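As structure tokens, the structure follows; a few thoughts come after it.
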Amino acid sequence: MAAVYFKRGSSAPRPRRSSRATPVLHTVFFEQVFAELRLNPDKIAIVRSNIAEFQAQPYLKKGLHTAIDRLLLVFEDDNDIELLYRQVMSDDIGQRVRRYPLIFKGIISTHSNTV
């Protein structure tokens, strides 16, 4: 008896997954982060230290490494918060950066005033 081979899948190409939209929760978080950075521009040092922490790790996801590289390109010129905001919220470069909100960890303080 001859071997029978079965074709796997169909010959039609798979539809490409459209680019993922940033979750609303992340968008709200980034808006809060940049509102805080506009009020306290010295907190940009926290972002730089977070980037340094991630760079010190021996194994990074490729996406996180790319996001860090793109942020470093923005920081190379200046500490301009508006330029950083435009880059992070843009659809091309910012999409990768917005996947990793931990880069902006520590910017927003969550102190409650209840006693």
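Here the structure is a predicted model, which means the values were calculated and not measured. In this chain, numbering begins with 1 at the start of the sequence shown.
Sorted by first and then second residue, the salt bridge (Lys or Arg N to Asp or Glu O under 4.0 Å) pairs involving residues 47-72 (not counting sequence neighbours) form an empty list. Listed by first then second residue, pairs satisfying salt bridge (Lys or Arg N to Asp or Glu O under 4.0 Å) with a partner in residues 37-46 read E36-K43, R38-E82, not counting sequence neighbours. A ring-ring contact (aromatic ring centres under 6.0 Å, His included) check over residues 72-92, counting only residues at least two apart or in different chains, returns the pairs F34-Y85.
Neither L73 nor L84 shares a network with the other; the hydrophobic side chains, linked directly or stepwise wherever heavy atoms of I, L, V, M, F, W or Y lie under 4.5 Å apart, form separate groups for each.
We find the CD1-CD1 distance between I108 and I46 to be 11.0 Å, quoted to the nearest 0.5 Å. Taking CD from Q55 and CG from L60, the interatomic distance works out to 8.0 Å, rounded to the nearest 0.5 Å. Between the CG atom in N50 and the CG atom in L102 there is a gap of 8.0 Å [rounded to 0.5 Å]. Note: I103 CD1 to L71 CG = 5.0 Å, rounded to the nearest 0.5 Å.
Residues V97 and F30 have side chains not in contact (no heavy-atom distance under 4.5 Å, counting atoms from C-beta outward). With a 4.5 Å cut-off on side-chain heavy atoms, P41 and I81 count as touching.
Distance alone, capped at 3.5 Å, places no donor-acceptor pair between the R99 side chain and the L64 backbone.
Legend: residues meeting side-chain hydrogen bond (donor to acceptor under 3.5 Å, both in side chains) with T66, ordered by chain and number and at least two apart, are absent. With sequence neighbours excluded, no residue satisfies side-chain hydrogen bond (donor to acceptor under 3.5 Å, both in side chains) with D91. In this structure, Y100 has no ring-ring contact (aromatic ring centres under 6.0 Å, His included) partners at least two apart in sequence or on a different chain.
A side chain to side chain contact (heavy atoms under 4.5 Å, CB included) with V88 is found for exactly one of Q95, R98, R96, namely R98.
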